[in-house]
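Before any comments, here is the structure.
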Amino acid sequence: TGKDVTYPTMTCPGNLMRGMDEGLCRYTVGGAYSSGPGEFDGSASDNCGVVSKTWVLTGVETGSGSGSLDGQLWKKGVTTVTWTATDAAGNSTTCSFMVEVKDLEPPSITCPPDITVTTLPGQCSVPAGSVSLGTPTVSDNCGVKYPITNNSPASYPVGVTTVKWTVKDSSNNKDMCNQKVTIIAYNCGQPVNVYHYDTTTSSAKIAWNAGLCATSYQLRIRKEISPGVWGP
């Protein structure tokens with residue numbers, strides 16, 4: 001009586017990592033990688049022929065079946081795939097490998113518009129509570145991890161302050177954007193007198209009411225070429 005005592009061979013891929021489909025919170029098995037045998041399919045052979053080739057999924061994805069895994073939709077996490085090849089004599093061989101599906105796509109954030117705020121009379125800064133920054137627009141393939149943060153200071157001095165907004169998703173991928181906050185002093189000085197007899201082609205004498213917040217002033221002189229016509 002002849003008996004088949006040779007076990008089939010079952011070959012699996014090594015451990016793999018895949019990023020999720022662009023814009024979606026899942027990975028499609030096969031996808032762009034599918035050519036010939038299925039992406040996660042094991043290959044089997046036997047001296048007398050393989051009767052069945054089956055798979056079992058454990059971990060994030062579960063289930064069992066036969067044939068290709070192509071087209072399945074997998075969630076984020078680690079799934080172990082175990083393939084079993086069986087021949088007509090009932091001999092069987094298994095192999096296993098792990099697939100980790102990761103969210104590699106960062107979220108998207110668009111900052112609120114830049115804003116300009118004027119100080120109260122006699123003040124050279126504006127407290128953060130008096131500045132309404134607005135709300136950024138955010139999106140992500142797997143959902144945003146709240147809260148959305150920014151580095152807003154306790155108060156805004158006269159001038160331009162850049163506020164950096166940061167958003168993260170559940171996999172700690174992040175995106176950032178910048179919003180400019182311009183603070184203008186309520187009273188930063190006024191010229192009160194121009195001494196025309198002391199004005200030359202390169203200088204002028206001017207009296208100023210210094211105001212409170214100014215640290216420097218800029219003067220621009222133009223020559224009247226003819227009545228109502230001014231030079232650069």
Start with the C-alpha distance between Cys25 and Met20, add both sets of side-chain angles, then the distance that settles side chain to side chain contact (heavy atoms under 4.5 Å, CB included), and finish with yes or no. CA-CA 6 Å; Cys25 195; Met20 291 181 170; 4.1 Å; yes
Only pairs at least two apart or in different chains count here, so list each side-chain hydrogen bond (donor to acceptor under 3.5 Å, both in side chains) that has a residue in residues 77-94. Thr82-Ser96, Asp87-Asn91
Output a table of donor-acceptor pairs, distance under 3.5 Å, between side-chain atoms of residues 108-129 and any protein atom two or more places apart or on a different chain; print 'none' if there are none.
from: Asp114; atom 1: OD1; to: Lys180; atom 2: N; distance (Å): 2.9
from: Thr119; atom 1: OG1; to: Gln123; atom 2: O; distance (Å): 3.0
from: Thr119; atom 1: OG1; to: Tyr186; atom 2: N; distance (Å): 2.9

Among all residues two or more places apart in sequence or in another chain, which pass the side chain to side chain donor-acceptor pair (under 3.5 Å) test with Asn151? none
Would a hydrophobic clustering, with Ile, Leu, Val, Met, Phe, Trp and Tyr connected at side-chain separations under 4.5 Å, put Val29 with Val60? no
Following the transitive rule for hydrophobic clusters with a side-chain heavy-atom cut-off under 4.5 Å over Ile, Leu, Val, Met, Phe, Trp and Tyr, establish whether Tyr27 and Leu16 coincide in one cluster. yes
Contacts of type side chain to side chain donor-acceptor pair (under 3.5 Å), residue Thr11, not counting sequence neighbours: none
Apply salt bridge (charged side-chain N to carboxylate O under 4.0 Å, His left out) to Glu105 and list each qualifying residue two or more places apart in sequence or on a separate chain. none
How long is the straight-line distance from CG of Leu57 back to OG1 of Thr62, given to the nearest 0.5 Å? 7.5 Å
Can you name the salt bridge (charged side-chain N to carboxylate O under 4.0 Å, His left out) partners of Asp21, sequence neighbours left out? Arg26
Residues joined to Val78 in its hydrophobic cluster, side chain to side chain under 4.5 Å directly or through other members, sorted by chain and number, are Met98
Are side-chain heavy atoms of Asp70 and Glu39 found at a separation under 4.5 Å? yes
Tightest non-hydrogen contact, residues Val51 and Ala88, listed as CG2-N, 3.1 Å
Between Val158 and Ala185, what is the shortest heavy-atom contact and its length? CG2-CB, 4.1 Å
Side-chain donor-acceptor distances from residues 223-232 under 3.5 Å, at least two apart:
from: Glu224; atom 1: OE2; to: Gly228; atom 2: N; distance (Å): 2.9

Contacts of Ser152 that satisfy side chain to side chain donor-acceptor pair (under 3.5 Å) - sequence neighbours left out: Tyr156
Report yes if some heavy atom in the side chain of Asn173 is under 4.5 Å from a heavy atom in the side chain of Leu104; otherwise report no. no
Salt bridge (charged side-chain N to carboxylate O under 4.0 Å, His left out) against Lys174, all qualifying residues, sequence neighbours excluded: none
Look at the side-chain heavy atoms of Ile, Leu, Val, Met, Phe, Trp and Tyr, link any pair under 4.5 Å apart, and say whether Val56 and Leu69 land in one connected group. no
Please report the closest heavy-atom contact between Phe97 and Pro13, naming both atoms and the distance. CB-O, 3.2 Å
Look up atom OG in Ser64 and atom CH2 in Trp55, then write down how far apart they are to the nearest 0.5 Å. 6.5 Å
Name every donor-acceptor pair, under 3.5 Å, that has one atom in a side chain of residues 138-149 and the other anywhere in the protein, sequence neighbours excluded.
from: Asp140; atom 1: OD2; to: Cys142; atom 2: N; distance (Å): 3.0
from: Asp140; atom 1: OD2; to: Gly143; atom 2: N; distance (Å): 3.2
from: Asn141; atom 1: ND2; to: Leu24; atom 2: O; distance (Å): 3.0
from: Asn141; atom 1: ND2; to: Asp103; atom 2: OD1; distance (Å): 3.3
from: Lys145; atom 1: NZ; to: Asn172; atom 2: OD1; distance (Å): 3.0

Among all residues two or more places apart in sequence or in another chain, which pass the ring-ring contact (aromatic ring centres under 6.0 Å, His included) test with Trp74? Phe40
Non-hydrogen atoms of Tyr7 and Asp46 that approach each other most closely: C-OD1, 3.7 Å
Shortest non-hydrogen contact between Lys102 and Lys76, atoms and distance: CA-CG, 4.4 Å
Examine distances only and state if a side-chain atom of Lys53 and a backbone atom of Gly42 form a donor-acceptor pair shorter than 3.5 Å. yes
Do Glu61 and Val99 have side chains that get closer than 4.5 Å, going by heavy atoms? no
Minimum heavy-atom distance Ala44-Met10, with the two atoms named: CB-SD, 3.8 Å
